[in-house]
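Contents: one structure, followed by commentary.
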Amino acid sequence: MTTEHPPRWTLVIHGGAGIITRGVLTPEQDAGARAGLTRALEAGGAVLAGGGAAIDAVEAAVRVLEDDAHFNSARGAVLTFEGKVELDAAIMDGRDRSAGAVAGVSAARNPVTLARAVKDCSPHVLLTGAGADTFAREQGVEQAGEDWFVIPERRAQLAAMKESEDWFDVDMKYGTVGAVACDMNGHVAAATSTGGVTGKRWGRVGDSPLIGAGTYADDRACAVSATGSGEFFIRESVGHEIGARVRMLGEPLQVAADAVMAGVAALGGSGGVIVTGSAGEAVWSFTTKGMYRGQVSADGEAKIAIYADEG
Ligand code: GLY
């Protein structure tokens with residue numbers, strides 16, 4: 001039997017963009033990040049290969065990256081000025097544009113799963129701080145504390161930042177994580193999770209948990225997850241802007257993603273995006289020296305890359 005339109009699925013992930021060059025990462029950090037990306041592709045890819053939904057695949061992939069201290073989300077998240085974790089995450093389903101997000105949370109082991117609970121089990125889209133932590137407990141979302149989230153390297157980064165008096169992420173080699181997917185039925189979804197920026201204060205929230213900025217999914221267009229200097233991604237409405245260009249101008253994903261990243265750069269920001277369309281197309285675009293990234297699809301081998309000059 002032949003299938004006129006063979007089932008096609010795609011998963012793309014990122015682990016952050018920034019000043020990531022071969023000279024910046026140790027061989028151990030390079031290998032560790034690649035191993036984490038591989039595990040995340042395996043987790044999300046297994047969902048899609050089994051006929052599962054894009055929304056479940058992006059949650060599965062991001063959970064793996066959240067548990068991996070090589071990246072700036074959940075375990076291994078960067079610290080606030082006060083030395084705490086304040087985690088942000090979002091998830092969105094392109095089928096009906098349902099979405100859930102959390103900002104400034106500190107008690108759910110996997111903030112992306114808490115965001116999923118907001119989407120599925122509350123009438124709201126975005127919950128913040130102590131209220132969101134209470135909701136997590138009420139929903140039975142797995143809990144974790146500082147002993148799980150905080151690693152010594154992040155304490156050292158915070159101390160270095162305070163000494164340098166550069167209050168905006170002294171070390172951009174660890175980043176936000178995210179995933180976008182298209183499932184066998186042509187539905188797309190996106191998820192993003194982050195600790196934000198080192199030394200953040202005053203309840204600062206970046207683009208990741210903001211639907212239409214760092215996270216967006218719409219079956220009529222595409223799914224987007226972003227990483228980078230969040231303030232600029234918010235001002236450019238990156239996720240929605242890419243989706244709008246695809247939906248209303250009919251632009252190919254790469255054209256739309258590159259144009260919007262150029263808009264971020266014009267504002268003074270930097271970073272990257274991963275994008276999937278409902279025909280299983282997948283692209284990434286970034287303005288930095290590197291972006292932790294990976295892709296797997298129904299018809300190909302998994303690809304992992306970090307530096308700009310890799311595939
Ligand atoms: N892009 C992540 C943040 O700015 O918080």
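Order of appearance sets the numbers: ligands from 1, and atoms from 1 within every ligand.
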N or O pair under 3.5 Å between Gly196 and ligand 1: no

Any N or O of Val197 closer than 3.5 Å to N or O of ligand 1: no

Check: Thr192/Ser225 side-chain N/O donor and acceptor closer than 3.5 Å: yes

For Gly228, atoms of ligand 1 separated by under 4.0 Å from a heavy atom: 1 (N), 2 (C), 3 (C), 4 (O)

Numbering as shown, the atoms of ligand 1 that approach Ser208 to under 4.0 Å (heavy-atom distance): 1 (N), 2 (C)

Within-shell test, Gly214 vs ligand 1, heavy atom, strictly < 4.0 Å: no

Distance filter under 4.0 Å to Gly230 heavy atoms, resulting ligand 1 atoms: 4 (O)

Distance-only N or O hit between ligand 1 and Ser229, under 3.5 Å: no

Donor-acceptor pair, side chain of Thr26 and main chain of Gln29, under 3.5 angstrom: yes

Under 3.5 Å donor-acceptor, Thr80 side chain and Lys84 backbone: yes

Between Thr113 and Glu59, a side-chain donor and acceptor under 3.5 Å: yes

Contacts of type ring-ring contact (aromatic ring centres under 6.0 Å, His included), residue His240, not counting sequence neighbours: Tyr216

Ligand 1 contacted by Arg204 (non-hydrogen, < 4.0 Å): yes

Subset of ligand 1 atoms that lie under 4.0 Å from at least one heavy atom of Thr176: 1 (N), 2 (C)

Residues Thr176 and Asn72: side-chain donor-acceptor under 3.5 angstrom: no

Flag, side chain of Asp88 to backbone of Ser208, donor-acceptor distance under 3.5 Å: no

Atoms of ligand 1 close to Gly206 [distance to a heavy atom under 4.0 angstrom, numbered from 1]: 5 (O)

